[in-house]
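FYI, the numbering just counts along the sequence from 1. In what follows, every heavy atom counts, from backbone to side chain, and hydrogens, waters and symmetry copies are set aside.
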Amino acid sequence: MGRTGRRAALARSARRVVSWLRHRVLPSDGFALAGLLASVTACGLLSDVDASWFPATMTAVPILIGGLVLRMPSLLLLYAATAGVLVAQHQVHDTDEVTGGTILVVGAIAGIVLLMARMRTRLGVQWTRGESMLFDLRDRLRAQGEMPVLPPQWHTEVVLRPAGGQSFSGDFLVASRGAGGGRVLEVVLVDVSGKGLAAGSRALMLSGAFGGLLGSLPPRDFLPAANDYLLRQEWAEGFATAVHVVLDLESGEYELISAGHPPGVHWIAGSGRWQVLEAVGPLLGVIEDAGFEGVKGRLGPGDALLLFTDGMVEMPGEDIATGIDRFLGEAERMVRDDFHDAARRIVAAAGRNVGDDRAVVLLRRR
């Protein structure tokens, strides 16, 4: 065989090795398991060399890593190997090296890791992909709630605060201006039943569905279609409230339609007073063939429209009318500051119920 033939044979062999590693070793956790078993053994040997620097509890480190990268059968095998190393250290080398405290610490860490590994197994993900998925879902929910670009004479602010400082909220916003930057802006503020992560997962699903409906249907058909969609889900805790605003960006005329949502408030610059917009409509996802009544108005120059969720005005043991009065009092202070950073400041001042999701949306005609 010539030199060219030997090179070709070596190249084929290298490709076979690479293919075997790619299809057999890398997709499985055998490679990681072998490395962690070697690490457990090394921890035992290093403990024999200098127990002050390398205590027997070091075996918990491979267990922690194994909980992230190993499947359940491999993780249990790693536990068995760790137990064997601890027994060997106790019986063969130094009976004082492995104490009851050592076993308690390693056992507690192994139990916590096992619980986390079972949760990852249910999700079907390893390493930190589960957390990455949650971050991605959170970012998608926030991106869907961004306002479209509006003409210069219009100013908008949106502030969403999840309950207890969590990353997921049952309050979300969807908005649409139509193709090519149309003259009609549609904004929907939704409050899903529940709070935190449980409500956040339903909010993510509904935001995608509602975002598809918004702008694709005539405005008066949006809430009935959203109600039908929720009824089809048949969730045990599947209701939601929503307020839908249809705004003509040229004339300032609007219609506010509510589905069991707290009222909107309209600041009328010409008269210097607030108008509470009480629209009538049932909760979404409760009754079939629901009807929704709207309230019409017009935003003149200097006027503002504020939308909010019940977390802004509801407090345990307090009447909702009192919460609305407190909300309007804080909004009145924003008028004196020309509504500068108004949504964030109102949430900080009036939204005292930090155990509930809170949201404020400001639409203002300069």
Any side-chain heavy atom of L150 sitting closer than 4.5 Å to one from L249?
yes
Closest heavy-atom pair, L284 versus L223, reported as atoms and distance to 0.1 Å, is CD2-O, 3.8 Å
Report task. Indicate yes or no: at least one non-hydrogen side-chain atom of L76 is less than 4.5 angstrom from one of P73. Result -> no
**CA sep, side-chain torsions, deciding dist, call: L230, F239, side chain to side chain contact (heavy atoms under 4.5 Å, CB included)** = CA-CA 7 Å; L230 260 174; F239 66 89; 5.9 Å; no
*asked:* Checking M312 against I346 for the side chain to side chain contact (heavy atoms under 4.5 Å, CB included) test, could you report, in this order, the C-alpha distance in whole Å, the side-chain angles of both residues, the deciding distance, and whether it holds?
replied: CA-CA 9 Å; M312 291 297 304; I346 291 174; 4.0 Å; yes
Point to revise | Any D171 side-chain heavy atom under 4.5 Å of V192 side chain | key: no
- Is D337 atom CG crowded by more than 12 heavy atoms from other residues, nucleotides or ligands, each under 6.0 Å away? yes
Value for OG1 (T59) from CG (L36), rounded to nearest 0.5 Å, stands at 12.5 Å
Can you find a heavy atom in the side chain of V313 that is under 4.5 Å from one in the side chain of R326?
no
- Message: With heavy-atom distances below 4.5 Å as the criterion, would you say the side chains of L64 and V113 are in contact?
- Response: yes
Before accepting this row, confirm whether a basic side-chain N of the pair E157/R364 lies closer than 4.0 Å to the acidic partner's carboxylate O. no
Q) Ignoring hydrogens and geometry, is there a side-chain-to-backbone donor-acceptor pair from D191 to T309 under 3.5 Å? A) no
Minimal heavy-atom distance between A81 and L37, with the atoms involved, is CB-CD2, 3.4 Å
Side chains of H266 and D303: do they bring a donor and an acceptor to under 3.5 Å? yes
Taking V280 as the starting point, is it possible to reach Y254 by hopping between hydrophobic residues whose side chains are less than 4.5 Å apart? no
Note: M147 and V158 closest approach over all heavy atoms is CG-CG2, 3.9 Å
Taken in chain and number order and not counting sequence neighbours, the residues that satisfy ring pair (Phe, Tyr, Trp, His ring centres under 6.0 Å) with W274 are W267
(Q) I'd like to check S258 versus E278 (side-chain heavy atoms, cut-off strictly below 4.5 Å). Are they in contact? (A) no
Contacts of I287 meeting side chain to side chain contact (heavy atoms under 4.5 Å, CB included) (sequence neighbours excluded), chain-then-number -> P282, A290
In short, L78 meets I63 closest at the heavy-atom pair CD2-CA, 4.1 Å
Between the OG1 atom in T57 and the CD1 atom in I109, the distance rounded to the nearest 0.5 Å is 7.5 Å
- Message: Does this structure show an ion pair linking D248 with R298, if we count only N-O contacts that are shorter than 4.0 Å?
- Response: no
Is V184 reachable from L256 through a run of hydrophobic residues whose side-chain heavy atoms are each under 4.5 Å from the next? no
Quick one: does V188's side chain get under 4.5 Å of L173's, heavy atoms only?
no
Heavy-atom nearest pair, L70 first then L33, reads CD2-N, 3.8 Å
query = Is there side-chain contact between I257 and V243, with at least one heavy-atom pair below 4.5 Å?
reply = no
Inset, instruction - Under the salt bridge (Lys or Arg N to Asp or Glu O under 4.0 Å) rule, what do R220 and E255 come out as? Steps first, then yes or no, please. - result: CA-CA 10 Å; R220 295 293 303 179; E255 183 176 17; 2.7 Å; yes
Heavy atoms of R177 and P148 approach each other most closely as CB-CG, 4.0 Å
Original post:
Once the angle between the rings of F210 and Y229 is folded into 0 to 90°, is it parallel (under 30°), tilted (30 to 60°) or perpendicular (over 60°)?
Top reply: perpendicular
